[in-house]
Amino acid sequence: MSDRITLKGVSATGHHGVLDFEKRDGQTFVVDVVMQVDLAPAGTSDDLTDTVNYAEVAGDIVELIEGEPLDLIEALGDRIAAKVLTRPLVEYVEVTVHKPQAPVGHPFTDVAVTVERARDTPVVVAIGSNLGESLETIQTAVSALWLALDLKSASRVYETTPVGGPAQGTYLNAVVTGTTSLSPQHLLRTLQDIELDHGRERKERWGPRTLDLDLIQYGDPVFDTDVRLSTEALTLPHPRAHERAFVLVPWADADPEATLRVDGTVRRVADLVAEVSREGVALGPDVDLLEDGW
Ligand SMILES: Nc1ncnc2c1ncn2[C@@H]1O[C@H](COP(=O)(O)OP(=O)(O)OP(=O)(O)O)[C@@H](O)[C@H]1O
Ligand SMILES: Nc1nc2c(c(=O)[nH]1)N=C(CO)CN2
């Protein structure tokens, strides 16, 4: 994906510089940003909420130029990049900070630094399957997930009794954790593509499926960086995760320190496990999802 929004030449007066008179007198700083954003949703919907509002980004940049004086334009570029990446739709940003009036001591036209930063957000994905060769499906799905995630841990595989929906066969469930550079919406679409590649058909709610990949959490509730969203297409954290033993038990297995926001309160997943019935959740085939099945 190489869709981009480019914003060039945002300028303001700042007091950044190593020399005393730079901090005292101030000078002009000029900033260019290139943001990698999936523009397909806004291209289809023609709706500003599906993209990044470049006017807001310009406002953030001016605020940082005019804000706390720093010694180095490297530090200013770093802070601008971090601020731009707080927008969930931005997956990667390149920031160039120009300082055309810098005290260089010789004729020059411009000096600039460029920093590139990618999003690296912790995420949790729950995997389920109860149709076809479920274990093989889960193993190949985990291999495919490497395209979207830098995987950090995987639970063991659990055999679980179906919860809800029509009468159907036993599930295999697992949970993986990792980090991603993708936005939540882009990650969900990638998960859905992997489901389709594994023969997923949507017929009835909570019906049997070859592969289900649910995005459980995006960001870290402990640092208040978890994305909270409540749209039909994507709800975060997953609205039923906190009550599902087939998600919580493998999740605590993959990450014993994991936390989940439940009704606004950050809870330890291990404590939530203690509050739900574990009935119908048992260890399944003994495989290491990050090592076996390649
Ligand atoms: N956090 C999320 N993870 C995955 N899908 C989500 C999420 N939030 C909303 N959805 C939406 O839910 C819709 C139905 O997804 P799916 O068919 O996988 O549901 P399900 O697995 O049968 O039920 P459940 O949502 O209870 O797990 C999808 O089209 C998707 O856009
Ligand atoms: N045991 C079990 N039950 C379910 C599962 C699942 O993955 N495992 N997924 C559902 C819808 O996502 C509905 N019910």
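Just so we're clear, the structure is a prediction, and the values are computed from it rather than from any experiment. The analysis underlying the following values was restricted to heavy atoms, covering all of them including side chains, and did not include hydrogens, waters or symmetry mates. Atoms within each ligand, like the ligands themselves, are counted from 1 in listed order.
Side-chain atoms of Thr210 come within 3.5 Å of backbone atoms of His198 as a donor-acceptor pair (strictly under, hydrogens ignored). A donor-acceptor distance shorter than 3.5 angstrom exists from the side chain of Asp220 to the backbone of Val222, with no hydrogens or angles considered. A donor-acceptor pair under 3.5 Å is absent between the side-chain atoms of Glu116 and the main chain of Val95, judged by distance alone. Checked by atom type and distance alone, the side chain of Arg4 never pairs as donor or acceptor with a backbone atom of Gln36 at under 3.5 Å.
Neither side chain, Thr265 nor Asp263, offers a donor N or O lying under 3.5 Å from an acceptor on the other.
For atom 15 (O) of ligand 1, the nearest non-hydrogen atom of the protein is Arg202 NH2, 3.9 Å. Protein heavy atom closest to atom 13 (C) of ligand 2, with residue, atom name and distance, is Val163 O, 3.3 Å. Residue, atom and distance of the protein heavy atom nearest to atom 18 (O) of ligand 1 are Asp212 OD1, 3.0 Å. Among protein heavy atoms, atom 25 (O) of ligand 1 sits closest to Arg240 NH2, 2.9 Å. Looking only at heavy atoms of the protein, atom 9 (N) of ligand 2 is closest to Phe246 CZ, 3.7 Å.
By the ring-ring contact (aromatic ring centres under 6.0 Å, His included) test, Phe29 is found to be paired with His16, residues two or more places apart in sequence or in another chain being considered. Arg117 meets the side chain to side chain donor-acceptor pair (under 3.5 Å) test with Asp78; sequence neighbours excluded.
Under the 4.0 Å criterion applied to side-chain N and carboxylate O atoms, Asp224 and Arg228 are assigned as salt-bridge partners. Contact check on Lys99 versus Asp110 returns no salt bridge, with no Lys/Arg side-chain nitrogen under 4.0 Å from an Asp/Glu carboxylate oxygen. Ion pair Lys23/Asp20 not flagged as a salt bridge, since none of the NZ, NE, NH1 or NH2 atoms sits closer than 4.0 Å to an Asp/Glu carboxylate oxygen. Using a cut-off of 4.0 Å between Lys/Arg side-chain N and Asp/Glu carboxylate O, Asp286 and Arg156 are scored as not salt-bridged.
The contact set between ligand 1 and Thr235, taken as ligand atoms under 4.0 Å from a residue heavy atom, comprises 1 (N), 2 (C), 7 (C), 8 (N), 9 (C). If you number the atoms of ligand 1 from 1 as listed, the ones under 4.0 Å from a heavy atom of Arg209 come out as 20 (P), 21 (O), 22 (O). Every atom of ligand 1 with a heavy atom of Trp206 under 4.0 Å away is listed here by number and element: 22 (O), 23 (O), 24 (P), 26 (O). In summary, the atoms of ligand 1 found under 4.0 Å from a heavy atom of Leu215, numbered by their order in the structure, are 1 (N), 2 (C), 3 (N), 4 (C). Using a 4.0 Å cut-off to heavy atoms of Leu188, the atoms of ligand 1 that qualify are 3 (N), 4 (C), 5 (N), 31 (O). Shown in contact with Asn173 at under 4.0 Å from a heavy atom are these atoms of ligand 2, numbered in order with element: 1 (N), 2 (C), 6 (C), 7 (O), 8 (N). Below 4.0 Å from some heavy atom of Asp212 lie the following atoms of ligand 2, by number and element: 12 (O). Taking every non-hydrogen atom of Gln192 and a distance limit under 4.0 Å, the qualifying atoms of ligand 1 come out as 28 (C), 29 (O), 30 (C), 31 (O).
Residue Gln185 places every heavy atom at 4.0 Å or more from ligand 1. The closest approach between any non-hydrogen atom of Pro162 and ligand 2 is below 4.0 Å.
At a 4.0 Å heavy-atom cut-off, ligand 2 touches Arg209 through the side chain alone. With a heavy-atom cut-off of 4.0 Å, Arg200 touches ligand 1 through its side chain alone. At a 4.0 Å heavy-atom cut-off, ligand 2 touches Thr161 through the backbone alone. With a heavy-atom cut-off of 4.0 Å, Leu234 touches ligand 1 through backbone and side chain alike.
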List the steps, then state whether salt bridge (charged side-chain N to carboxylate O under 4.0 Å, His left out) holds for Glu201 with Arg209. CA-CA 7 Å; Glu201 291 178 346; Arg209 67 270 319 268; over 6 Å; no
Taking it one step at a time, do Glu63 and Arg79 satisfy salt bridge (charged side-chain N to carboxylate O under 4.0 Å, His left out)? CA-CA 11 Å; Glu63 209 168 282; Arg79 281 161 179 73; over 6 Å; no
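In this structure, atom 10 (N) of ligand 1 is in close contact with the protein, since a protein heavy atom lies within 4.0 Å of it. Counting only heavy atoms, the protein never gets under 4.0 Å from atom 13 (C) of ligand 1.
Glu159 pairs in a side-chain contact (heavy atoms from CB on, under 4.5 Å) with only one of the listed residues (Asn173, Val281, Asn130, Leu172), which is Leu172.
For ligand 1, the polar-atom distance check finds no N/O of Glu195 at less than 3.5 Å from any of the ligand's N/O atoms. Annotation: Gly164 places no N or O atom under 3.5 Å from an N or O atom of ligand 2; distance criterion only. Taking distance alone, with nitrogen or oxygen atoms compared against 3.5 Å, Ala233 approaches ligand 1 more closely than that limit.
Looking only at side-chain heavy atoms (C-beta outward), Thr177 and Leu151 stay at 4.5 Å or farther from each other.
Taking all heavy atoms of Arg205, Arg244, His238 into account, the minimum distance to atom 26 (O) of ligand 1 is reached by Arg244.
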